[in-house]
Amino acid sequence: MEKKSSHILNASSNLLGFSLVIITSLKITKISHSTHLDEFAGVACLCFAFSCFFSFLAIRSKKEKTGNKFETIADYLFLSALFCIVLAVIS
């Protein structure tokens, strides 16, 4: 199976920026207190950031077993963050 770490790193970093834009725009417009959008986006930011971190570790790992473990963690964090973004959009 082909390594996904570089794709996860690329997508996570892009979506991390998107989540930060959501949070910033909510703070500027001062509507963050009336919705749960900023909480979902904040959790997504954390998950995307940790997904970036673990996918980077997977790429840099010397041992294949350790790299696969980091890649799996990054993959699940990425999926969790996507779920948070979906919740933010539908809330």
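Ile23 approaches Cys45 most closely through the heavy-atom pair CD1-SG, 3.7 Å. The minimum heavy-atom distance linking Ile8 with Ser55 is given by the pair CG2-CB, 4.0 Å.
Listed by chain and residue number, Leu37, Phe40 satisfy the side chain to side chain contact (heavy atoms under 4.5 Å, CB included) test with Ala88 (two or more places apart in sequence, or in another chain). Scored by the side-chain hydrogen bond (donor to acceptor under 3.5 Å, both in side chains) test, Ser19 finds no partners at all (sequence neighbours excluded). A search for side-chain hydrogen bond (donor to acceptor under 3.5 Å, both in side chains) contacts involving Asn10 returns Asn14, not counting sequence neighbours. Checked against ring pair (Phe, Tyr, Trp, His ring centres under 6.0 Å), Phe54 has the following partners two or more places apart in sequence or in another chain: Phe70.
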Return a table of donor-acceptor pairs under 3.5 angstrom between the side chains of residues 62-69 and protein atoms on other chains or two or more places apart.
unit_1, atom_1, unit_2, atom_2, d
Asn68, ND2, Glu64, O, 3.3

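For the atom pair CG (Leu77) and CG (Leu82), the distance works out to 11.0 Å, reported to the nearest 0.5 Å. Here the CD-OG distance, from Glu71 to Ser51, works out to 10.5 Å after rounding to the nearest 0.5 Å. Once rounded to the nearest 0.5 Å, the distance linking CG of Leu57 with CZ of Phe50 reads 11.5 Å. Atom CG in Leu20 sits 11.0 Å away from atom CG in Leu15 (nearest 0.5 Å).
Legend: ring-ring contact (aromatic ring centres under 6.0 Å, His included) pairs involving residues 72-91, not counting sequence neighbours, sorted by first then second residue: Phe48-Phe78. Listed by first then second residue, pairs satisfying side-chain hydrogen bond (donor to acceptor under 3.5 Å, both in side chains) with a partner in residues 79-90 number zero, not counting sequence neighbours.
Members clustered with Ile59: Leu9, by chain and number, using a 4.5 Å side-chain heavy-atom cutoff among hydrophobic residues.
Counting heavy atoms from C-beta on, the side chains of His36 and Leu87 never come closer than 4.5 Å.
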Taking it one step at a time, do Leu79 and Asp75 satisfy side-chain contact (heavy atoms from CB on, under 4.5 Å)?
-> CA-CA 6 Å; Leu79 183 61; Asp75 203 15; 5.8 Å; no
